[in-house]
Amino acid sequence: MTIDEKTGRDLDHLLAGGDSIDGLYEELRSSFDAEKSAIGSEEQHKAFRDRWAGRKNGLLTHANEHWLKKAPRELKPRVGRLQNEAKKHVEAGLAEVKEKLGTSQEAKSSIDVTLPGPPRLLGAHHPLQLVFDEIEHIFHGLGYSIAEGPEIESYYYNFEALNFPADHPAVDEMDTLFLEDGSLLRTHTSPNQIRIMEANQPPLRYLVPGKVYRNDTADSTHSPMFHQVEGFAVDRDITFSDLKGTLDYFLRRFFGRDTRIRFRPSFFPFTEPSAEVDIYWEGRGFIEVLGCGMIDPSVFHHVGYDPEEHFGFAFGLGIDRFAMLKYDITDIQLLFQGDIRFLRQFR
Ligand code: PHE
């Protein structure tokens with residue numbers, strides 16, 4: 001029988017059925033306690049109060065009607081005392097729930113304006129940007145201007161004007177990605193030498209950063225997209241010594257004044273003579289960091305400069321590789337994944 005049923009039955013009937021007076025009141029209180037623990041809102045509390053302490057239909061009133069009033073004379077004092085205790089128990093329980101609800105309600109609605117707000121994430125510069133900014137800063141001091149060029153290039157600017165012979169294996173060697181219309185994703189920033197020389201007259205000193213593309217499989221040292229900086233200078237009296245002096249100065253400022261630098265003869269179709277430059281890296285030996293050379297006379301022909309009158313040098317470097325060396329990054333992919341845990345390290 002539920003407590004609702006029991007409070008609806010007369011005491012003598014219940015006693016005949018085996019209940020005891022103490023047992024009945026005990027049950028009344030423990031039922032109340034069990035329901036009390038589940039009350040979580042103002043509305044529930046109201047219904048709970050009506051159910052137990054409602055003047056007309058509350059369970060306490062029912063107990064009063066059916067148990068106390070129907071108790072035989074000799075038991076009346078005892079039942080009266082138990083009824084009284086039960087009433088106090090219910091009142092105390094109701095007050096307790098009300099207070100608990102009141103305080104949690106208060107906590108919800110009051111905002112402590114003196115508490116610090118949630119911290120805002122500060123942005124950080126991408127390591128590639130940091131490296132380029134530093135390169136730019138160094139060359140800015142040498143009088144270089146910054147320019148940019150298109151990532152979708154023509155065969156002419158990417159190869160032909162740079163003196164790559166038609167069907168030269170270098171076109172394949174550079175793993176060129178062609179578009180359907182015959183244009184291509186530039187494989188290096190060198191086409192900007194042509195674009196800038198076509199549009200300007202010497203003396204010129206330019207630095208051209210940008211994305212370049214090659215059909216390489218991505219791994220920890222390769223990416224089909226990476227970043228280069230092209231640098232070049234054209235004037236009347238530029239010599240290989242200027243090239244060497246410029247790169248020497250640049251690399252020492254970038255990697256440290258004691259950096260050991262090695263120029264190694266090499267070949268590029270658009271420079272003559274050409275060299276690759278290595279720097280000495282503790283634990284790794286000499287590693288290549290850039291390609292360079294004196295601008296080939298045939299390049300000057302393509303842009304309408306007189307090779308008897310003008311001389312120049314050019315160099316190209318990989319920003320990604322510079323960043324990896326400078327920040328000791330062993331996986332190039334980290335530069336492109338946008339993982340905030342990686343990026344936040346660069347401030
Ligand atoms: N463009 C060349 C490359 O991507 C680098 C280079 C630039 C070499 C300028 C010489 C002069 O490998």
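For ligands, and for the atoms within them, numbers begin at 1 and follow the listed sequence.
The aromatic rings of Phe250 and Phe322 sit parallel, their planes meeting at an angle under 30°, below the 60° perpendicular limit. Using the six-membered ring where Trp is involved, Phe48 and Phe32 have ring planes that are parallel, under 30° apart on the 30 and 60° scheme.
Atom 3 (C) of ligand 1 has its nearest heavy-atom neighbour, among Arg214, Met294, Glu276, in Arg214. Of the options Phe268, Phe232, Phe267, Phe315, the smallest heavy-atom separation from atom 8 (C) of ligand 1 is shown by Phe268.
By the ring-ring contact (aromatic ring centres under 6.0 Å, His included) test, Phe132 is found to be paired with no residue, residues two or more places apart in sequence or in another chain being considered.
Across Tyr206, Phe254, Tyr144, a single residue satisfies ring-ring contact (aromatic ring centres under 6.0 Å, His included) together with Phe139, and that is Tyr144.
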Trp281/Phe255 under ring pair (Phe, Tyr, Trp, His ring centres under 6.0 Å): CA gap, chis, key distance, verdict: CA-CA 10 Å; Trp281 205 258; Phe255 287 112; 5.7 Å; yes
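Counting the atoms of ligand 1 from 1 in the order shown, those under 4.0 Å from a heavy atom of Ser190 are 1 (N), 7 (C). Within ligand 1, the atoms closer than 4.0 Å to a non-hydrogen atom of Gly316 are 6 (C), 7 (C), 9 (C), numbered from 1 in the order shown. Within ligand 1, the atoms closer than 4.0 Å to a non-hydrogen atom of Cys292 are 8 (C), 10 (C), 11 (C), numbered from 1 in the order shown.
Residue Thr271 places no N or O, backbone or side chain, under 3.5 Å from any N or O of ligand 1. Checked against a 3.5 angstrom limit, the closest N/O atoms of Glu230 and ligand 1 fall outside it.
Judged by a 6.0 Å distance limit and a 45° cone about the ring axis, Arg186 is not positioned over the six-membered ring of Tyr157.
Using a 4.0 angstrom heavy-atom cutoff, Phe270 counts as in contact with ligand 1.
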